[in-house]
Amino acid sequence: MGTERKRKVSLFDVVDDSATIAGKLPKSNGGNLLTMNNGITNLSINRWNGRPYSPRFFEILEKRKSLPVWQQKEEFLQVLNNNQTIILVGETGSGKTTQIPQFVLEAVELESPDKRRKMLIGCTQPRRVAAMSVSRRVAEEMDVTLGEEVGYSIRFEDCSNARTVLKYLTDGMLLREAMTDPLLERYKVIILDEAHERTLATDVLFGLLKEVLRNRPDLKLVVMSATLEAEKFQDYFSGAPLMKVPGRLHPVEIFYTQDPERDYLEAAIRTVVQIHMCEPPGDILVFLTGEEEIEDACRKINKEVANLGDQVGPVKAVPLYSTLPPTMQQKIFETAPPPVKEGGPPGRKIVVSTNIAETSLTIDGIVYVIDPGFAKQKVYNPRVRVESLLVSPISKASAHQRAGRAGRTQPGKCFRLYTEKSFHNDLQPQTYPEILRSNLANTVLTLKKLGIDDLVHFDFMDPPAPETLMRALEVLNYLGALDDEGNLTRLGEIMSEFPLDPQMGKMLVASPEFNCSNEILSISAMLSGRHQQLSSLGSMPLVGMYHRVSKEAQKAADEAKARFGHIDGDHLTLLNVYHAYKQNQEDPNWCYENFVNQRALKSADNVRQQLVRIMARFNLKLCSTDFNSRDYYINIRKAMLAGYFMQVAHLEKTGHYLTVKDNQVVHLHPSNCLDHKPEWVIYNEYVLTSRNFIRTVSDIRGEWIVDIAPHYYDLENFPNCEAKRVLERLYKKREKDREEGKNRK
DNA sequence: GCTGCCTGG
């Protein structure tokens, strides 16, 4: 055993490497590299947990050293030592996400004034799965237990403790931490990974960290990105040094079409068939825009190849999109089908995917990529405060990323279904950052909570349109989260603690006043989260029956839906589904028989528990109106109005709904559960598809509007319309009632 | 009479 250990130790030539670097570091940072507490350097003992290294540690170390980023380890540590901020550019396969944080750990002194715990290295990721899987890998590489010296932190799950020195976390989570620790004092070094993705949270962190760095000269920042926008980052961070690390991808040959394609779906299918007939073995990845298109394409591919007979090998076309159940998603990792008969032409796997395969999910073995050049993207219209999805051309950066998916395991080919000229002239260099495509009400609330008072002069890398910021401030002011000077109110402070949009946060905080916080908690949990999309039956978390089932099954699903339906609206229907789920002890069989999506309900329950904890923190009462009371549902509907009074529509004499104040013509989404057309409705979403729809709607009363939201329904600032005249009458009636009330007293 | 890319707290 002893000799074994010694032999392995000799492989550990990193020691010399690090020692040289340690020599160049300032004295306070130097001494204790690979030194145990007793001051004796012991190379077979893991510095982090004091245990002997396992043989596996040395095996992995050898592999790690072959990663491109190791070539520049010394250079990186020098640059880190001499600068507060570094921009590091490394493409796929460079090893930056796993190795750079470990390099930093070796070189940085983590003692804190508080002797009980060390300071942290934090590394952000845009996605939860990445934070979890990368931390697991790094814990293994460092030969420590996950959740101890190396951990991760994501919503619902903090897998770290007082001994943790390296923590991977989502960018949104770091933003949350900043709300209670504005100078991020627990951190010694922060690494923002995947910065090129420009998520909303990463963009806010950019601006925030720029300020924090000024106040914390001891804090260091490493911004890691894929190549394309690096110089822009460098400019933004006042000329921080830029380091480039090569990636390790196989070459990918790019092909363009001679002429523009009229129908990209038809062209994509044709290309699949051509590749299958003419190209050597290797799996194909096709990028399309949405569920319907993808299911359709899979069917057509399977059919067309079957029609070719046994001159070609069999294919297996598998769909991939985020709302596909996990068991179905697993199919993309299955191998290609075997030849039909021994010695026959080989089979091929064809993955037809949304953008999820561009960044979030990696499929090995892809040799051919088909890129029609489109994706569904979120766009925001600040004038009507509506986010919608639009099929639009992708950016050059996105096209580059897609092509790279063909070269992960061997040289590949990428077929772009547009002309080379179009690529150069028509595609934008970068995808618009999310911050320019979103409603910023929630972001502005977070910024205010973070102490950023002057939003206009906040140093955004890409400043949002002033109108978008104004709209956000206006919404927050109407909700009472900001006062007229734009300062955060006590209410706003509480709202900011909820992981919900401001309207929903307000509804929840107001709900105890309406004696129904238990029910509003359930409705909020059902509305938030992704599960709404899992259903084709409108916004109900019932099992989707979309395009895949018989008329009978559809009918059964409709009946199940009717069983939960509440005539006063979809919000109350959601509440019914939640209650029924709990009453039936969350039984999977019951869910199945009633077309209830168990996964969706589970996740809603999880969200609900988190919200309950936050309610408790602020001493917000958990209460319900007696179920037998006439007011049970009325109170719930009133509480909803307290948050959503800006999302109200009025039924005009013409039979159309007009949104209040904006006067947009909208239609009730056909998925609604109402049995009548109420005069006033609140809605949860405004969706632009074949028409302007409002989805998830409930019946509310005009009398409640003038009671609960008179500041918004201020007639002096109200466009002339039918709703205004109705409101005028209601205000007069209210005044008269009050007078009479006074007289009686 | 409809169906929506991805992601975060």
Side-chain angles (χ1 to χ4, degrees), chain A residues 124-131 153-158 169-179 194 197-205 287-296 320-324 353-361 374-379 387-392 394 398 401 431 433-435 437-438 442-443 445-446 449 495-502 504-505 524 528-540 542 544-548 554 558 606-607 610-611 613-614 667-672 685-695:
Chain A
T124 66
Q125 297 294 319
R127 282 166 291 279
R128 289 185 208 163
V129 272
S153 178
I154 59 176
R155 186 182 183 183
F156 305 124
E157 205 185 346
D158 181 5
L169 71 176
T170 49
D171 48 8
M173 205 62 207
L174 186 61
L175 209 48
R176 282 273 137 182
E177 288 187 6
M179 282 170 46
E194 313 291 356
E197 288 195 28
R198 303 293 305 274
T199 64
L200 200 43
T202 292
D203 264 23
V204 173
L205 284 169
F287 285 100
L288 291 177
T289 67
E291 172 177 348
E292 183 177 7
E293 204 174 80
I294 286 167
E295 295 287 354
D296 188 35
L320 178 65
Y321 43 87
S322 75
T323 50
L324 198 66
S353 171
T354 60
N355 253 357
I356 193 170
E358 196 182 297
T359 47
S360 312
L361 245 159
F374 291 96
K376 270 187 186 154
Q377 286 174 312
K378 187 170 74 177
V379 288
E387 291 177 345
S388 46
L389 286 172
L390 218 63
V391 174
S392 30
I394 60 170
S398 192
Q401 178 72 15
T431 307
E434 197 186 359
I435 200 164
R437 297 184 285 120
S438 306
N442 206 11
T443 305
L445 184 62
T446 305
K449 171 66 186 175
M495 283 164 56
S496 74
E497 294 286 333
F498 285 96
L500 302 171
D501 284 337
M504 209 183 282
S524 302
S528 72
R530 273 174 271 296
H531 50 255
Q532 312 161 53
Q533 296 159 18
L534 292 179
S535 162
S536 59
L537 301 174
S539 59
M540 299 229 307
L542 298 177
M545 306 297 294
Y546 184 41
H547 271 192
R548 282 190 278 273
Q554 182 67 57
D558 284 345
N606 206 3
V607 171
Q610 187 188 29
L611 299 179
R613 288 194 294 273
I614 302 170
H667 305 271
L668 299 181
H669 197 275
S671 64
N672 81 80
E685 296 173 283
Y686 184 127
V687 284
L688 305 175
T689 48
S690 56
R691 301 166 98 177
N692 294 350
F693 289 110
I694 48 176
R695 190 157 60 184

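Values reported hereafter were calculated over all heavy atoms of this structure, with side chains retained and with hydrogens, waters and symmetry mates removed. Naming: A, B, ... by sequence-line order, numbering from 1 per chain.
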For a quick check of understanding: with a heavy-atom distance under 4.0 Å over all strands, which category does [X] fall into, base, sugar-phosphate or nothing?
X	value
A/L500	base
A/S690	sugar-phosphate
A/L389	base
A/R127	sugar-phosphate
A/V391	nothing
A/F156	nothing
A/T689	sugar-phosphate

If the cut-off is 4.0 Å, is [X] near the phosphate of [N], judged by side-chain N/O to OP1 or OP2?
X	N	result
A/T170	B/dG8	no
A/R128	B/dG9	yes
A/T323	B/dG4	no
A/H669	B/dT3	yes

Distance check, rounded to the nearest 0.5 Å: A/I294 atom CD1 versus A/F287 atom CZ?
10.0 Å

With sequence neighbours excluded, what pairs up with A/Y686 under the ring-ring contact (aromatic ring centres under 6.0 Å, His included) test?
none

[X] [atom1] to [N] [atom2]: how many Å, rounded?
X	N	atom1	atom2	value
A/D296	B/dG4	CG	C1'	17 Å
A/I394	B/dC6	CD1	C1'	14 Å
A/R691	B/dG1	CZ	C1'	9 Å
A/I294	B/dC6	CD1	P	8 Å
A/I154	B/dT7	CD1	C1'	13 Å
A/R613	B/dG9	CZ	P	14 Å
A/E685	B/dT3	CD	C1'	12 Å
A/R437	B/dC5	CZ	C1'	10 Å

A/K449/A/E497 salt bridge by N-O under 4.0 Å criterion
yes

With DNA chain B as reference, determine whether A/T354 or A/S153 sits nearer its 5' end, using the nearest nucleotide of each.
A/T354

Let me know, please, whether A/I356 or A/N442 comes out on the 5' side of the other along DNA chain B by nearest nucleotide.
A/I356

Exam field: side chain A/D203 to backbone A/L200, donor-acceptor pair closer than 3.5 Å:
no

Confirm from the modelled atom types if A/E177 and B/dG9 form a donor-acceptor pair under 3.5 Å, side chain to base only.
no

Hey, are the side chains of A/T359 and A/R127 touching, using non-hydrogen atoms and a 4.5 Å cut-off?
yes

Selection from [options] that lies nearest to any side-chain heavy atom of [X]:
X	options	result
A/P670	B/dC2, B/dG9, B/dG4	B/dC2
A/V687	B/dG9, B/dC2, B/dG4	B/dG4
A/M173	B/dC5, B/dT3, B/dG9	B/dG9

Can you list the residues that meet the salt bridge (charged side-chain N to carboxylate O under 4.0 Å, His left out) rule with A/E177, with sequence neighbours excluded?
A/K167, A/R186

